[in-house]
Enquirer: 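I have a structure here, written as structure tokens, and I will follow up with some questions on it.
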Amino acid sequence: MALRKLVAGNWKMNGSLAALSELAGIVEAAQARPDVDVAICPPATLIAPAVAAQPGLAIGGQDCHANASGAHTGCVSVTLLKEAGASCVIVGHSERRADQHETDAEVQAKAQAAIAGGLKAIVCVGETEAQRDAGQAVAIVEGQLDGSAPREGTGETLVVAYEPVWAIGTGRTPTVGDVAEMHAAIRAKLVALLGAEGAKVRILYGGSVKASNAAELLSVPDVDGALVGGASLKAVDFGPIIAAA
Ligand code: 13P
């Protein structure tokens, strides 16, 4: 089943108020492809100004807390993200799994909170290079889905992003064959976990996506879009990726 593609940009801890000027060009590229969903996930402080600058563009967070409120210094709740104008949130990015030691269970709780609060949850999974070299890539990702995929997720509320850790920010990408194998395995797992809705959940590929490789990666079966880091910061880089979807 061909799902509507989603091309999402993860600005990570990059950007600035001044960099929001890039959004105009991104909106232009998005308007040229009304058949593709486009979202930008800037740092939390830029969400509200991004929404103010481009009310028509979907803006998302990069993380949320599983709780609605409370004594959690430095964290951001789903309610706060929504109030700022976010419509989606990335959870379980490998940088957070590594830097903040987030577990599958925590990622699942965050995704559940996001969905319950009305945000689309983009749940990230992906193996390390050592795990791939050991032939464990598919098993690792299946295990991450077992532990972190919210079972109430639907095609509307849940997106999964496959991001091999070794491909993030390195300029390296898996072969088309490896991407196809992994996305087919993720699809089968989602159907096993979520039933019919699992066939409707979009599976994004992420890791060194750029204009020159986007068309090839996005043509792989069950690649329903891309999660883009570095190449999402500038409209001149991100626009062609949207066009390639
Ligand atoms: P790069 O596109 O910079 O490799 O980052 C991918 C990523 O981590 C998106 O979440």
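Remember, it's 1-based here, ligands and their atoms both numbered in the order they're listed.
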Enquirer: Test of understanding: with side chain to side chain contact (heavy atoms under 4.5 Å, CB included), list the residues that count as partners of Glu22, not counting sequence neighbours.
Expert: Lys234, Ala235

Enquirer: With Ala58, which residues qualify under side chain to side chain contact (heavy atoms under 4.5 Å, CB included), at least two apart?
Expert: Ala39, Ser87

Enquirer: Do Phe238 and Leu204 share a hydrophobic cluster, counting only Ile, Leu, Val, Met, Phe, Trp and Tyr and linking them when any side-chain heavy atoms are less than 4.5 Å apart?
Expert: no

Enquirer: Give the residues near ligand 1 by chain and number, with the criterion being a heavy-atom distance under 4.0 Å.
Expert: Asn10, Lys12, His93, Glu163, Ala167, Ile168, Gly169, Gly207, Ser208, Leu227, Val228, Gly229, Gly230

Enquirer: Check Glu129, Glu127, Gln131 against Trp166 for a side-chain hydrogen bond (donor to acceptor under 3.5 Å, both in side chains) and give me the one that passes.
Expert: Glu127

Enquirer: Just one of Glu216, His183, Lys5 clears the side chain to side chain contact (heavy atoms under 4.5 Å, CB included) bar with Val223, so which one?
Expert: His183

Enquirer: Between side-chain atoms of residues 188-195 and protein atoms elsewhere (two or more places apart, or another chain), which donor-acceptor pairs fall under 3.5 Å?
Expert:
residue	atom	partner	partner atom	Å
Lys189	NZ	Asp146	OD1	2.9
Lys189	NZ	Asp146	OD2	3.1

